[in-house]
Amino acid sequence: GAWDGVHLSNTHALLDPPGSRWRGVLVEADPARFAALRTRRAGHATVDAFASCEDPLRSVAGLLDGVGGVPERLDLVSIDVDGCDYWLLFDFFASRYRASVVVVEFNPTMPHDLLYVPPRRDAARHGCSLAALCALAEARGYALVETTLFNAFFVDDGTRSALVAAGLVCPEATLDDLHEVTMGTALYQLYDGTLKLHGCKRLLWHRLPIDEAAIQVLDERRRFPFAPENAQPKQTRRPKARTPRRRRRRSTDALTYGLAAALVGSFLWHRGRAGPRA
C-alpha cells in the first residue's frame with residue numbers, strides 16, 4: 001500500500017515537491033497509516049481500501065473506477081501489497097487502463113530460473129519471482145528496464161524506445177544484467193546425504209536464523225550408498241574408561257591391606273582354636 005505517503009514510497013519524490021504537477025491515487029488499508037496519508041496527501045485522491053485479486057471492485061482497475069475521473073492512460077502505476085502483487089498486475093493488464101511505467105514488487109529470495117506464481121488468494125503472502133513478472137509483462141508488451149532490491153520497473157514499447165534513444169536503457173540488457181540475487185537461499189547436497197545451505201541463512205521477514213541441523217532428512221549415521229562395503233567406516237566399540245593411575249594404585253593398596261588383615265585374623269583365629277602346645 002501507500003503507507004503514509006513517505007515511508008518506503010515509490011511516489012514520494014514525484015508528489016511531494018511544492019508545485020508538483022503530478023496527481024495521484026493512493027491506496028492504503030491500515031487505518032493509522034491511512035490517516036497520516038490523507039493528511040499528508042490532501043491534494044490527491046486517497047482510498048482507504050484493501051486491494052484484492054479476488055474482489056473485482058477492489059482490483060487496481062476497480063479502485064480507480066471508484067475514484068472517478070481517472071484517465072485510462074496513466075504515466076505510472078506502482079503495486080506493492082506484499083502478497084498478491086502478481087495477480088493485481090495480471091488483472092491490471094486485462095483492464096481498460098494502460099500505464100507507461102509499471103513498478104511492482106517481487107520476492108528477492110527467488111532465483112532467476114524460477115517461474116513462481118503464488119496462489120490466486122488475497123491471504124497468500126508468498127510474493128512471486130522476478131522471472132514470473134517478466135514473463136507476464138512481456139506477454140503484454142512491456143519490458144524490464146531496471147530493478148531495485150524488491151521492485152521491478154517495466155515500461156511499454158513506446159517508453160522503452162524513448163529511453164533507448166536517450167541512452168538511458170541498454171537494449172541488449174538481460175534479466176541477469178538488470179538484477180542480482182543477493183538475498184537468495186541455496187540448498188546443496190553432500191554425497192552422504194547431508195544438506196547444506198548457501199547464501200542467506202535467515203528467514204528475512206521473521207528475522208530468525210535457519211537451523212541447518214533441523215532440515216536434515218537423514219540422521220547422523222549418514223553414508224554414501226554406492227561406496228564399496230569394505231570402504232564404509234566400521235562401527236567401532238568405544239574403549240572402556242580406564243581408572244586413573246593414582247586411583248588404581250589406591251584401590252590396589254586397599255585390596256592388599258584388606259587381604260593381609262584377613263590372613264592375620266584367620267591365623268590368629270586358628271591359632272586360638274589350636275590352643276597352646278605341650
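The first residue in the sequence is number 1, and the count goes up from there.
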Asker: For the residue pair T46 and R38, confirm or rule out a side-chain donor-acceptor distance under 3.5 Å.
Answerer: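 No - no donor-acceptor pair under 3.5 Å links their side chains.
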Asker: Is the side chain of Q216 donor-acceptor paired with the backbone N or O of L195 at a distance under 3.5 Å, no angle test?
Answerer: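 Yes: the side chain of Q216 pairs with the backbone of L195.
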Asker: Please step through side-chain contact (heavy atoms from CB on, under 4.5 Å) for the pair D55 and F50, ending with a clear verdict.
Answerer: CA-CA 10 Å; D55 180 2; F50 183 85; over 6 Å; no
Asker: Just by distance, do the side chain of R40 and the backbone of V6 share a donor-acceptor pair under 3.5 Å?
Answerer: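 Pair absent, no side-chain N/O of R40 close to backbone of V6.
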Asker: For Y97, check ring pair (Phe, Tyr, Trp, His ring centres under 6.0 Å) against everything at least two apart and list the hits.
Answerer: none
Asker: Donor-acceptor check, side chain of T185 to backbone of C200, threshold 3.5 angstrom: yes or no?
Answerer: yes
Asker: Atom CG of D91 and atom SG of C53: how far apart are they, to the nearest 0.5 Å?
Answerer: 7.5 Å
Asker: Going only through I, L, V, M, F, W and Y residues with side-chain contacts under 4.5 Å, is there a path from V27 to L15?
Answerer: no
Asker: Please indicate whether R207 has more than 12 foreign heavy atoms, meaning atoms of other residues, nucleotides or ligands, lying under 6.0 Å from its CZ.
Answerer: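 No, not enclosed.
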Asker: Look at the side chain of S129 and the backbone N and O of L114, then say whether any donor-acceptor pair between them is shorter than 3.5 Å.
Answerer: yes
Asker: Using a 4.5 Å cut-off on heavy atoms from C-beta on, say whether the side chain of L130 contacts that of M110.
Answerer: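 With C-beta onward as the side chain, the pair stays apart.
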Asker: On a heavy-atom basis, which atom in C128 and which in P118 lie closest, and how many Å separate them?
Answerer: CB-CD, 3.7 Å
Asker: Might you point out which heavy atoms bring R41 and G5 nearest each other, and give the distance in Å?
Answerer: NH2-O, 3.0 Å
Asker: Is there a donor-acceptor pair closer than 3.5 Å between any side-chain N or O of E105 and the backbone N or O of F150?
Answerer: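 Side chain of E105 to backbone of F150, a donor-acceptor pair under 3.5 Å: no, none is there.
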Asker: About how many Å separate CZ of R202 and CG of L197, when rounded to the nearest 0.5 Å?
Answerer: 13.0 Å
Asker: Can you tell me how far apart NZ (K196) and OH (Y188) are? Round to the nearest 0.5 Å.
Answerer: 5.5 Å
Asker: Are F153 and L178 side-chain neighbours, meaning at least one heavy-atom pair lies under 4.5 Å?
Answerer: no
Asker: Measure the shortest side-chain to side-chain distance between L203 and I210 over non-hydrogen atoms and say whether it is less than 4.5 angstrom.
Answerer: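 When only atoms from C-beta onward are counted, I210 and L203 do touch, with a gap below 4.5 Å.
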Asker: Is there a side-chain contact between Y86 and N107 in this structure, where contact means two heavy atoms from C-beta onward sitting under 4.5 Å apart?
Answerer: no
Asker: Between the side chain of H198 and the main-chain N/O of A186, is any donor-acceptor distance below 3.5 Å?
Answerer: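 No, because the side chain of H198 does not come within donor-acceptor range (under 3.5 Å) of the backbone of A186.
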Asker: Mind listing the closest non-hydrogen atom pair of M183 and T109 along with its distance?
Answerer: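 Reported closest heavy-atom pair: O-CG2, 3.5 Å.
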Asker: I'd like to know if L26 and F92 are part of one continuous hydrophobic network [Ile/Leu/Val/Met/Phe/Trp/Tyr, side-chain heavy atoms within less than 4.5 Å].
Answerer: no
Asker: Can you tell me how the ring of F226 sits relative to the ring of F224, calling it parallel under 30°, perpendicular over 60° and tilted otherwise?
Answerer: perpendicular
Asker: Side-chain heavy atoms under 4.5 angstrom apart, residues restricted to Ile, Leu, Val, Met, Phe, Trp, Tyr: same cluster for V104 and L76?
Answerer: no
Asker: Quick check: do V101 and V77 have side-chain heavy atoms less than 4.5 Å from each other?
Answerer: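 Of all side-chain heavy-atom pairs linking V77 with V101, none is under 4.5 Å.
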Asker: Taking atom types as modelled, find out whether R121 and H126 have a side-chain donor-acceptor pair closer than 3.5 angstrom.
Answerer: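 On atom types as modelled, these side chains do not qualify, holding no pair under 3.5 Å.
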Asker: Side-chain contact, heavy-atom cut-off 4.5 Å: T159 with V145?
Answerer: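 No; the side chains remain at least 4.5 Å from each other.
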Asker: Hey, are D156 and R140 close enough for a salt bridge, meaning a charged N less than 4.0 Å from a carboxylate O?
Answerer: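 No, this pair does not count.
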Asker: Looking at V70 and L74, what are the two nearest heavy atoms and their distance?
Answerer: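 Nearest pair, atom of V70 first, then L74: CG1-CD2, 3.8 Å.
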Asker: I need the minimum non-hydrogen distance between P108 and L149, along with the two atoms involved.
Answerer: CB-O, 3.3 Å
Asker: Would you call the rings of H179 and F106 parallel, tilted or perpendicular, taking 30° and 60° as the class edges?
Answerer: perpendicular
Asker: Evaluate side-chain contact (heavy atoms from CB on, under 4.5 Å) for L163 paired with V155, printing each intermediate quantity in order.
Answerer: CA-CA 9 Å; L163 293 173; V155 297; 4.2 Å; yes
Asker: Is it true that R73 and S100 share a donor-acceptor pair across their side chains at a distance under 3.5 Å?
Answerer: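 The answer is yes; a qualifying pair exists.
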Asker: Taking the side chain from T39 and the backbone from A35, do they hold a donor-acceptor pair closer than 3.5 Å?
Answerer: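 Yes, because the side chain of T39 sits within donor-acceptor range (under 3.5 Å) of the backbone of A35.
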Asker: Ignoring hydrogens, what is the shortest heavy-atom contact between D157 and G141? Give both atom names and the distance.
Answerer: OD1-O, 3.2 Å
Asker: Quick one: do I215 and L187 satisfy side-chain contact (heavy atoms from CB on, under 4.5 Å)? Show the steps, please.
Answerer: CA-CA 10 Å; I215 67 172; L187 182 72; 3.9 Å; yes
Asker: Following the transitive rule for hydrophobic clusters with a side-chain heavy-atom cut-off under 4.5 Å over Ile, Leu, Val, Met, Phe, Trp and Tyr, establish whether L144 and V164 coincide in one cluster.
Answerer: no
Asker: Kindly indicate, with the supporting measurements, whether the criterion side-chain contact (heavy atoms from CB on, under 4.5 Å) is fulfilled by W87 and V117.
Answerer: CA-CA 9 Å; W87 292 109; V117 177; 3.5 Å; yes
Asker: Between the side chains of D192 and T194, does any donor sit under 3.5 Å from an acceptor?
Answerer: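 Yes.
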Asker: Just so I know, are the side chains of F90 and R120 near enough to count as touching, which here means a heavy-atom distance under 4.5 Å?
Answerer: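 A side-chain contact under 4.5 Å exists here.
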Asker: So, the side chain of E54 versus the backbone of D122: is there a donor-acceptor pair under 3.5 Å, distance only?
Answerer: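 Present.
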Asker: Flag the pair R96 / D65 as yes when at least one side-chain heavy-atom distance between them is below 4.5 Å, and no otherwise.
Answerer: yes
Asker: Quick one: does any side-chain atom of R160 pair with a main-chain N or O of Y142 as donor and acceptor, under 3.5 Å?
Answerer: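 Side chain of R160 to backbone of Y142: no pair is present.
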Asker: Ignoring hydrogens and angles, tell me if any N or O in the side chain of T11 forms a donor-acceptor pair with the backbone of L14 under 3.5 Å.
Answerer: no
Asker: Check for me, please, whether L175 and L89 land in the same ILVMFWY cluster - side-chain distances under 4.5 Å, paths through other members count.
Answerer: yes
Asker: Mark yes when over 12 heavy atoms from residues, nucleotides or ligands other than Y116 sit less than 6.0 Å from its OH; otherwise mark no.
Answerer: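 Yes.
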